[in-house]
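Notes to accompany the following structure.
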Amino acid sequence: MVPREFSSLIGKDLLGTFLFAGGFMMDERQTVANALSKALPDLSTEEILNKIERPKDEKNGDYAFPTFFLAKTLHKAPQLIAKDLVAKVDQEGFEKVVVAGPYINFYLDKQAVAATILQTILQDPENYGGQNIGHLANVAIDLSSPNIAKPMGMGHLRSTVIGNAIANILAKVGFNPIRINHLGDWGTQFGKLMAAYEMWGDEEAVKKDPINTLQKYYVRINTEADEHPEYADAGRKWFKKLEDGDPEARRLWKWFRAASLSRFMKIYQMLDIHFDSYNGEAFYNDKMPEIDQLLADKGLLQESRGAKIVDLSQYNLNPALITKSDGSSLYMTRDLAAALFRKRMYGFAQALYVVGAEQRNHFDQLKAVLAEMGFTWSKQIHYIPFGLMSLNGKKMSTRKGNIVQLEDVLNDSIKLARQQIAEKNPTLANADEVAKQVGVGAVIFHDLKNERTNSIDFKLADVVKFEGETGPYVQYAHARAESILRKAGQPDLKNVAIHLNGDEAWGIIKRLGQFGEVIERAAAEYDPSLIGKYALSLAKDFNQYYAHNRILVDDEGRESRLALVQAVSDVLKSALALLGVKAPDEM
RNA sequence: GGGGGGAUAGCUCAACUGGAUAGAGCAUUGGUCUUCUAAACCAAAGGUUGUGGGUUCGAUUCCCACUCUCCUCACCA
């Protein structure tokens with residue numbers, strides 16, 4: 001069966017591949033459905049499955065079946081239906097099945113479920129929660145995409161870490177992600193920068209500190225352009241020269257690009273994020289004439305106010321501007337060329353664009369134009385917007401200098417992590433490396449824990465917080481687990497018989513069992529925050545268990561508890577890895 | 001004005017896609033380290049889910065209207 005929500009969220013092309021392929025809790029849900037279907041012969045298993053829910057409150061069991069919807073057809077009160085029904089339900093394999101008002105509550109066999117889940121994790125921790133529904137199909141992901149000659153701000157962090165996490169998640173369910181850094185190394189803004197350099201440029205200063213110096217020029221020409229309209233013209237002229245292959249323009253372009261990129265690489269190194277392609281906008285410069293030709297052949301191009309446009313009124317969209325009145329290209333033109341190139345190059349099953357929500361209109365247009373061109377694969381393109389990052393309630397803007405540099409935030413966070421280690425764990429061996437993992441992890445996690453489309457007002461104190469619902473909280477739970485395993489001598493737990501008594505561990509067991517479902521949903525909805533929330537919940541479950549149970553005591557439950565600890569450690573590490581966050585063994 | 005998001009505890013956010021008493025973190029108040037890392041745990045307090053209608057056995061969730069707010073509406077990306 002394909003859950004309803006998935007069908008609306010993924011392209012129809014993939015619908016067939018997104019099937020539930022297992023995971024223990026899904027099997028348990030199926031078991032519940034089977035038990036019910038004997039008592040409800042008139043309903044299909046699928047109908048029953050859709051009604052089964054997980055109670056919020058643990059005291060109501062592990063699964064529940066509400067009977068309200070049967071009241072009409074059976075002409076009976078729900079409470080009565082539940083009472084009659086439970087007598088007919090096959091209770092084999094459950095701890096108990098009981099009536100609670102209009103609900104039938106199912107309690108799983110804790111011993112058996114715990115043994116299955118823990119053993120599965122310990123046998124193959126790397127692959128736990130993963131599956132192969134992607135069949136290694138390529139997924140092109142457009143992410144990060146900073147602009148050359150501008151510092152990378154917190155806004156770009158979002159695209160970078162969200163895109164990277166989605167890539168990781170898709171890989172986990174069997175797709176082959178291709179990370180493409182579509183550098184902003186082209187366009188009129190670039191012409192403006194060259195015009196500014198021509199007027200005020202100091203070669204030595206640029207060489208010394210390329211990004212900040214170039215940014216100064218860029219800000220200056222933009223602020224002064226109001227009084228000097230000729231600056232904007234100069235910028236357009238320089239861009240035209242660049243597009244026409246003027247040697248000086250090319251020289252400047254190469255120089256600015258290389259200098260900026262080397263600076264960006266420093267940040268990507270800190271984040272430990274790697275790309276399969278750095279083909280930016282410039283790369284598509286020689287691929288645009290084909291787009292122009294294809295559009296002309298289809299009779300889609302129209303003249304309007306001296307520019308060439310594609311009319312999209314039948315899509316209820318504004319016209320897409322393809323060529324400016326001075327003959328130079330636009331963002332749209334390049335994105336069309338890029339889409340076609342990526343389809344040919346990678347034969348993608350999906351192409352994702354992790355770009356801010358303010359560009360929704362652009363991507364609607366892009367898909368519409370591709371559809372008009374007759375490319376049926378335009379349906380495989382998924383725009384993945386994320387909420388705006390503002391500063392003091394206002395939109396961040398390089399031109400207005402209203403920006404927070406990512407590098408500064410990362411460094412602040414690492415510094416703070418280093419201080420905390422000095423206080424709390426002064427004998428830690430590789431303190432600098434761990435500080436980096438914790439500091440960077442906090443920043444990444446902060447950006448990923450909430451729903452993608454929420455807008456965020458930047459507050460440093462929130463980003464570098466290490467307590468409560470944060471990356472370091474999850475890392476800490478993992479480090480505690482590892483610490484116990486270290487003290488126990490890293491025992492081999494692959495084949496231990498599991499005997500966990502008491503209900504203390506049951507919450508953890510259930511959570512561990514849900515990992516696969518959560519990954520699957522995160523993949524279908526392109527939503528890393530589901531993984532973040534899951535990691536927090538599991539870390540919290542474990543911290544509670546840790547506070548109330550001694551693990552390293554010599555009794556018959558010791559090995560089982562250690563197996564539990566090992567499984568928690570493995571899954572926490574795995575969940576963090578999906579988000580691009582490191583899990584140090586000590587901190 | 002057109003199009004698209006959003007509004008839930010003082011703050012930042014959840015809520016299994018229509019179910020049982022709307023939950024966490026931060027902040028506040030109090031408690032827990034001679035025992036596996038206190039970046040932790042336990043407890044108290046905190047709510048007319050923006051407003052008004054509607055559908056339903058049942059609505060934070062779906063529909064309509066309104067208020068407020070953010071983004072966006074051709075030669076930027």
Side-chain angles (χ1 to χ4, degrees), chain A residues 3-5 51 53-57 59-60 64 66 68-69 71-72 77-78 100-103 105 145 147 184 186-190 192 235-236 281 304-309 316-326 328 330-332 334-335 355-362 364-365 385 387-388 390 393 395 417 420-421 423-425 428 438 442 449-451 453-457 459 461-462 465-470 472-477 479-488 514 517-518 521 529 533 536-537 539-540 543-544 546-553 565 586-587:
Chain A
R4 248 171 310 137
E5 65 267 29
K51 289 287 175 190
E53 54 193 59
R54 251 199 300 267
K56 288 192 196 102
D57 196 329
K59 74 174 195 291
N60 288 325
F68 304 100
F69 74 106
K72 244 179 205 154
Y103 289 89
N105 292 335
S145 312
N147 292 319
W186 210 247
T188 310
Q189 43 137 11
F190 222 87
K192 266 191 192 164
R236 278 191 281 273
E281 297 182 44
S304 173
R305 300 180 217 170
K308 285 191 223 169
I309 61 157
N316 199 21
L317 291 168
N318 297 320
L321 205 51
I322 304 295
T323 310
K324 291 197 275 194
S325 42
D326 70 354
S328 59
L330 279 148
Y331 185 36
M332 178 61 70
R334 267 162 263 142
D335 263 359
V355 181
E358 70 273 16
Q359 293 194 40
R360 164 160 260 130
N361 196 53
H362 169 75
D364 285 346
Q365 290 184 323
L388 194 72
S390 58
K395 190 174 170 175
Q420 298 242 7
I421 290 169
E423 262 173 55
K424 297 170 199 241
N425 197 352
L428 185 61
V438 172
K449 75 172 173 184
N450 288 325
E451 207 177 310
T453 50
N454 290 356
S455 31
I456 301 180
D457 194 52
K459 287 194 193 69
D462 285 349
K465 193 179 291 171
F466 297 166
E467 285 140 36
E469 296 175 331
T470 65
Y473 176 89
V474 180
Q475 289 174 320
Y476 183 63
R480 280 177 140 183
E482 280 303 314
S483 173
I484 291 171
L485 294 167
R486 223 167 21 245
K487 289 217 158 71
Q514 289 161 13
E517 278 177 62
V518 173
R521 203 177 141 206
S529 78
K533 282 169 203 146
L536 282 172
S537 304
K540 183 166 191 175
N543 274 332
Q544 286 172 339
Y546 180 97
H548 301 295
N549 299 81
R550 288 222 112 235
I551 291 142
L552 292 177
V553 277
V565 172
E586 289 180 75
M587 63 186 270

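It should be emphasised that the depicted structure is a prediction, and the values quoted were computed from it without experimental measurement. Chain identifiers are assigned alphabetically (A, B, ...) following the order of the sequence lines, protein sequences preceding nucleic acid strands; residue numbering begins at 1 within each chain.
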Any idea which heavy atoms bring [X] and [Y] closest together, and the distance?
X	Y	result
A:Gln475	A:Val438	OE1-CA, 3.5 Å
A:Pro319	A:Ile309	CB-CD1, 3.7 Å
A:Thr323	A:Ala307	O-CB, 3.2 Å
A:Ala442	A:Phe466	CB-CE2, 3.5 Å
A:Ala479	A:Met587	CB-CG, 3.8 Å
A:Asn105	A:Asn60	CG-O, 3.0 Å

Hey, is the side chain of [X] poking within less than 4.0 Å of OP1 or OP2 on [N], counting only N and O atoms?
X	N	answer
A:Lys533	B:rC13	no
A:Lys51	B:rG18	no
A:Lys192	B:rC76	no
A:Arg236	B:rC76	yes
A:Tyr473	B:rC41	yes
A:Lys424	B:rU37	no
A:Gln544	B:rA40	no
A:Ser455	B:rC70	no
A:Lys56	B:rA20	yes
A:Arg360	B:rC73	no
A:Tyr476	B:rA39	yes

Determine whether any donor atom in the side chain of [X] lies under 3.5 Å from an acceptor atom in the base of [N], or the reverse, and answer yes or no.
X	N	value
A:Lys59	B:rU21	yes
A:Ser304	B:rA74	yes
A:Asn105	B:rA20	yes

B:rC33 glycosidic torsion: syn (within 90° of 0) vs anti: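 Judged by the O4'-C1' to base torsion, B:rC33 sits in syn, the angle falling within 90° of 0.
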
B:rU17: syn or anti, per glycosidic angle within 90° of 0: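 Here the answer is syn: the torsion falls within 90° of 0.
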
For [N] and [M], measure between their [atom1] atoms and round to the nearest Å.
N	M	atom1	result
B:rA77	B:rC13	C1'	31 Å
B:rA40	B:rA15	P	23 Å
B:rU17	B:rU61	P	16 Å
B:rA59	B:rC73	P	40 Å
B:rG58	B:rG18	C1'	8 Å
B:rC26	B:rA45	C1'	15 Å
B:rG3	B:rC66	P	12 Å
B:rA38	B:rU32	P	16 Å

Salt-bridge criterion met for A:Glu451 and A:Lys533 (N-O under 4.0 Å):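 No, no charged N to carboxylate O under 4.0 Å.
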
Test item: A:Gln189 side-chain N/O and A:Trp186 main-chain N/O as donor-acceptor pair under 3.5 Å: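 Yes, the answer is positive, given that a donor and an acceptor are paired below the 3.5 Å cut-off.
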
Nearest-nucleotide comparison on RNA chain B, the residue closer to the 5′ end among A:Asn318 and A:Arg334: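 It is A:Asn318, whose closest nucleotide lies nearer the 5' terminus.
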
Closest-nucleotide ordering on RNA chain B, the 5'-leading residue of A:Thr323 and A:Ile484: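 Closer to the 5' end of RNA chain B: A:Ile484.
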
Among the candidates [options], find the nucleotide nearest to the side-chain atoms of [X].
X	options	value
A:Pro319	B:rA74, B:rU72, B:rC36	B:rA74
A:Lys487	B:rC36, B:rA39, B:rU56	B:rC36
A:Gln420	B:rA38, B:rA77, B:rA39	B:rA39
A:Glu469	B:rA24, B:rC16, B:rA39	B:rA24
A:Leu388	B:rA74, B:rC71, B:rC16	B:rC71

What is the nucleic acid contact for [X], judged by heavy atoms within less than 4.0 Å: base, sugar-phosphate only, or nothing?
X	value
A:Glu451	sugar-phosphate
A:Lys449	nothing
A:Val565	nothing
A:Gly187	sugar-phosphate
A:Ile421	base
A:Asn454	sugar-phosphate
A:Arg550	base
A:Met332	nothing
A:Thr453	nothing
A:Ala64	base
A:Lys465	sugar-phosphate
A:Asn450	sugar-phosphate
A:His362	nothing
A:Glu281	sugar-phosphate

For [N], which nucleotide is its Watson-Crick or G-U wobble mate, given both distances must be under 3.5 Å?
N	value
B:rG1	B:rC73
B:rA38	none
B:rA43	B:rU29
B:rA24	B:rU12
B:rU67	B:rA7

A:Asn316 atom CG, over 12 foreign heavy atoms within 6.0 Å: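 Not more than 12 within 6.0 Å, no.
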
Check: A:Gln365 and A:Met332 side chains under 4.5 Å, non-hydrogen atoms: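 The answer is yes; the side chains approach within 4.5 Å.
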
